[in-house]
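Working notes for the structure below.
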Amino acid sequence: MKELPKAYEPQKYEDKIYKSWEESGFFNPDVCVREGVTDADAESFSMVLPPPNVTGTLHMGHAAMLAIEDTMTRYQRMLGKKTLWLPGTDHAAVATESKVEGLLIKNEGFTKPKEELGRDAFMEKVHAFARESHDTIVGQAKKMGSSLDWSREAFTLDEVRNKAVRQVFKKMYDDGLIYRGHRVINWSVKGQSTCSDDELVHVERPAKMYYFKYNKDFPITIATTRPETKLGDTAVAVHPEGKYKEYIGQVLEVENVGQKGHNLKIHIIGDDHVDETLGTGALGVTPAHSMVDFEMYQNQKALGNDIGLIQVIGEDGLMTARSGSEYEGLSVEEARSKFIEYLNSENLLEKEEEIVQSAGTSDRFKDVVEPLPKTQWFVDVNKKFTLEKSQIKGIESGAEVSLKELMQAAVRNGDIDILPERFVKTYFSWIDNLRDWCISRQIWYGHQIPAYIDIRNKENEGVIFFEENKIVLTEEQIDETRKFDFGFLMLDNIKNFVHSAKFSQINFWLEKKWITIEDVQEAFQSVHFFTCKKVDVFDNDKDVTKYHFQDPDTLDTWFSSGMWTFSTLLDGDMKDGESLEEWLARSQDFQDFHPTQMLETGYDIIFFWVARMILMTTYTLGTVPFDTVYFHGLVRDEKGRKMSKSLGNILNPLDMIGKYGADATRLSLMIGTSPGQDMKLSEEKVEGLRNFANKLWNISRFMLMNIDKVNKDIEIPEAKTLADKWILDELLSDIKEYHSYMNSYNFSQVSEMLRDYTWNKLADWYLEIAKVEGNKSEILNYILNTILKLWHPFMPFVTESIWKEIYGENEFLLVERVPSYNEDNQLWVENSKEEVAPNFKKLQGVINSLITKIRNLRAEKGIAPSKKLKAYYKENKVLEENTHIVNALARLESFEKTESFDEEHISFIEAGVECAIDFSGVVDKEAEKERIEKEIAHIKPYLMAQEKKLSNAGFVDNAPEAVVNAEKEKLREAKEKLEILEGQLQKL
RNA sequence: GAACCCAUAGCUCAGUUGGUUAGAGCGCUACAUUGACAUUGUAGAGGUCAGAAGUUCGAAUCUUCUUGGGUUCACCA
């Protein structure tokens, strides 16, 4: 006999409970084994938390992710597995840097923060922001109740991950998969950086299509929405078999395009991609400012026809000198007007057309990207390499494969399951269209590309790595270095150099005559560390070559997060001279927990992250990163819109937790949702589930008041009454379903089923009966323990709070075993369950409304109830078994005690009770019989016809085998169904 | 242009390989209320499962088409 407070107030319990979990150490599987709550030889379950970006705070999408993953984790832990859910955050390179830039402009009055602050000071701001953001995120994750093993927390940009990144980069470079290529890339003028194809968001906008000729004599009209780029045209592409084919191969000199003296050599080339039905049927080729045109340029080059490439737009978004003196320095818009003006004045413009165009926009910087030719780092996804060791189905160790093939094999051959299945199609169609991955970014925040350029190599291509940890400097190198007065450290023998703005640093290295990777690492962090490129800037007077220094490129953030499943499991620090393989081999966590079992994330990052993890992991390890991918939907507001600040429709998880508790917030993100389907969330839903949490609390409160002596480990007790049997049997069959739903990740179904059991069956029915029947201590104890365990993965706080209230502060529901289903425990005789159980409720309802009606009548007419009433109903057979009804009547009796009924009202109640009897299954049984008989009558003639059909030799011999088999299958199915129906009839 | 998803009660959504009388939550209506819980209880109303055709003994479920909404990718001469 214990008593809980009257209402559950989440705010009073949640922080305390989370703290107790953390202090217990049970989020850490090692502690669980050490403390004996998990068997040392138990199976392991591991999952990484998709690391949130350190760009701010968590939103509802993160909350959904945390809720689902925590539920998965807690379930696995309660199954007794060694369970690891590994936390971390993502530095989110571009996103974070541009966010900080924006904040500095907005809040601190900078206009160009990076320039104004300089590298060190700016990076300090970024790091401070990232730290703060990280702390917020961790705090929020804890508020949600996430059972993450914080002792293993990682960051995509910390030292261990950086070393892993450098190793994998080098491996890929050595395999020839990473290369430096000059090609057209997406350039954000605003962000002064490249963007990968996937980072573009296409935005529809109105545009004008201009039809024109380069000059009066030019035979072919072309069309474009970007006239200013036409100053850099080097070819016109026509269909090889089309109307202009006679021109193919000609080079037409076109003078004075756009301005006097701007002459172009236009090669007429044939290309299959040209569609004569579109535009003018010919295509002006601007290799420098269009990806498609660049490909044509490359194709021509491969055929030995160098059509040339003219870059007319610079990285600053302004026209270059190559566009002509009148255009140089103009913005693209100004250049466009000027060029159109020119075309008009020369009467070259044939037509203008209003069209809608979708423009590639940088997701991070929000400006329309400019395709520009640049030298960048790429990962070649088509090049074959030797995969030394492979555990992937269909790929032998030592096989020659490309990254694309690896990514395909991992999913196609069943090593990775993707749920819901339809995303498999999305995945493959993405891979089919995958181009080489541009991995370099011209920003400061991120993993610096671990490659250095030899400035004395004119080609700018001398990329070599630090092969050894420690490099001893020769006298020659030291002399060489001293020649440069701007702080170069020349590493001649390995063709590397380090430049530091801090001369003292360089001098220190020169003094000690050797340098280590750590020194360079340190330089990364604390001093300016530049790669440098030689540019064509000459000062003719002094005849001195000048060098322009450029900050080193950093890696696309997905390069490091692509390694997340294994980089997080690496042991502390990499030892000197150790290879990645050796490092992994001695990392216990990697041995224990990789591949992970589950990856749970939003479908919006299937390409960015999921695909890249598959790429990086299959390449590096020859294994898959995870066995199953589960995609949840995106959280939208109640009108189905994306949550965004500008719409002001953001529901903040912390607000929800504060108002309704973490359990309600979590459940609202799981109940009524299905995998991969977007979910609409409203505050009302959270509120409703807060009510449920309170209900659970009060159910427990009531049950405890009726339990004599609590027992944590109580076995299933004996059922004494029909009601006992019913409620226990419902529980046992729900346990069976529970596991089957949990194993197929049907969390919505599970929670609805549990809610139905807890609220509708247990609270509304069984507990009412228990009040009357009494003496149910053991059954109540057993049921209470069981539902708390079943609910725990979903509602960890309220269940753990109740558990501790009952069994004491030192007990942890967190590591209890979830009840398993056992066939032998099934108590109920099948038909009696169906016959009686559902009707308890309906009878109660009828009686209840009778009470109401009688009461109203009494009020109206002043009529008293009969004292015979109770006895009358007690004689009724249906009611004999149903003590609840008896009780209800007893209530009526006592309620009406002082007055009396007349005949009329007794018959009125009789009619009502007859109605109740209708509900009680007696009549239902007949109806059910009738229904089944009807269905049998429906199937039987079909069966006979089908059998006749199949015994007909003419049909069997002449029809195709597949058809005959299909007919046989249908017959079998129908027979099976008939058997089931007849079985049901038998029971009735 | 292509692929995918969605259309089921007033709203938000479930509905597992086709098979009972299509379900839940919220909302609504009526009633109850000293009780573990008003963050409550009981009951009720409300659905030609978007439309059409087909396959089938049987279709919300499978096929095709149509309509409306959405997402993603691509193209944009």
Side-chain angles (χ1 to χ4, degrees), chain A residues 3-4 6-8 197-198 202 207 209 211 221-225 236-237 273-285 290 292-293 355-359 420 422-423 425-426 429-430 433 603-604 606-607 634 638 640 660 664 671-674 676-682 684-685 687-706 740-741 744 746 748-749 752-753 755-756 760 763-764 767-768 771 841-842 844-849 851-853 855-856 927-928 931-932 934-935 938-943 945-946 970 973-974 976-977 980-981 984:
Chain A
E3 199 155 338
L4 302 180
K6 212 168 171 180
Y8 175 61
D197 297 343
D198 299 310
H202 292 272
M209 182 73 75
Y211 293 76
T221 305
I222 56 164
T224 183
T225 54
V236 166
H273 292 99
V274 177
D275 180 347
E276 293 218 314
T277 63
L278 282 173
T280 64
L283 166 63
V285 180
S290 155
V292 177
D293 294 5
I355 60 152
V356 177
Q357 176 193 41
S358 90
R422 65 188 149 89
F423 287 107
K425 242 178 182 173
T426 316
S429 73
W430 180 77
N433 299 317
Y603 65 79
D604 52 332
I606 176 167
F607 308 135
L634 309 181
E638 49 200 318
Y660 305 108
I671 209 162
T673 67
S674 60
Q677 213 57 52
D678 290 356
M679 48 189 130
K680 293 175 193 170
L681 184 67
S682 61
E684 288 74 35
K685 189 173 176 187
E687 194 182 344
L689 291 162
R690 183 269 319 259
N691 296 354
F692 176 68
N694 184 61
K695 185 74 184 179
L696 182 61
W697 178 267
N698 272 293
I699 287 167
S700 308
R701 178 168 186 252
F702 173 78
M703 289 171 91
L704 278 176
M705 288 164 71
N706 290 280
S740 117
Y741 282 141
S744 54
N746 256 317
S748 180
Q749 247 111 328
E752 278 189 44
M753 180 194 79
R755 179 173 59 184
D756 182 53
N760 300 340
D764 292 348
L767 295 187
E768 289 301 323
K771 284 177 190 169
K841 200 166 171 180
K842 286 185 175 167
Q844 192 199 28
V846 170
I847 299 294
N848 217 323
S849 56
I851 291 169
T852 311
K853 282 169 189 161
R855 193 188 181 189
N856 286 350
E928 178 75 358
R931 188 192 59 73
I932 293 176
K934 209 168 138 193
E935 203 176 338
H938 189 61
I939 294 180
K940 263 192 176 163
Y942 165 69
L943 267 177
Q946 198 71 1
K970 278 166 78 174
E973 276 179 14
E976 208 172 81
K977 182 67 192 171
I980 294 170
L981 288 171
Q984 284 175 356

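Letters A, B, ... mirror the listed sequences (proteins, then strands); counts begin at 1.
For the pair A:Thr673 and B:C13, the criterion of a side-chain N or O lying under 4.0 Å from OP1 or OP2 is not met. For A:Lys425, no side-chain nitrogen or oxygen approaches OP1 or OP2 of B:A3 to under 4.0 Å. For B:G41, one of the phosphate oxygens OP1 or OP2 lies less than 4.0 angstrom from a side-chain nitrogen or oxygen of A:Lys695.
We find the CG-CD1 distance between A:Asn694 and A:Ile699 to be 9.5 Å, quoted to the nearest 0.5 Å. Considering CG of A:Leu689 and CG of A:Leu696, their distance stands at 12.0 Å, rounded to 0.5 Å. A distance of 7.0 Å separates CD1 of A:Ile222 from OG1 of A:Thr280, quoted to the nearest 0.5 Å. A distance of 10.5 Å separates CG in A:Leu681 from OG1 in A:Thr673, rounded to the nearest 0.5 Å.
At the heavy-atom level, A:Thr225 lies under 4.0 Å from the strands shown only through sugar-phosphate atoms. Residue-level contact check: A:Ile222 touches neither bases nor backbone, having no heavy atom under 4.0 Å from any strand. Residue A:Ser674 is classed as a sugar-phosphate contact, given heavy-atom separations below 4.0 Å to backbone atoms only. Using a 4.0 Å heavy-atom distance criterion, A:Gly672 is classed as a sugar-phosphate-only contact. A:Ala359 comes within 4.0 angstrom of no nucleic acid atom, judged by non-hydrogen atoms across all strands. Residue-level contact check: A:Gln677 touches the backbone only, with heavy atoms under 4.0 Å from sugar-phosphate atoms and none from bases. As judged by a 4.0 angstrom heavy-atom cut-off over every strand, A:Val292 is placed among residues touching the sugar-phosphate backbone only. Note on A:Arg422: only backbone sugar-phosphate atoms sit closer than 4.0 angstrom, heavy atoms only; bases stay farther off. Backbone-only engagement by A:Met209 is indicated by non-hydrogen atom pairs under 4.0 Å involving sugar-phosphate atoms exclusively. Contact annotation for A:Ser748: no contact, since no heavy-atom pair falls under 4.0 Å across all strands.
Judged by distance alone with a 3.5 Å cut-off, no donor-acceptor contact links the side chain of A:Lys685 to the base of B:C26.
Separating the P atom of B:C31 from that of B:G19 is a span of 41 Å, rounded to the nearest Å.
Rounded to whole angstrom, the span from the NZ atom of A:Lys6 across to the C1' atom of B:C37 amounts to 8 Å.
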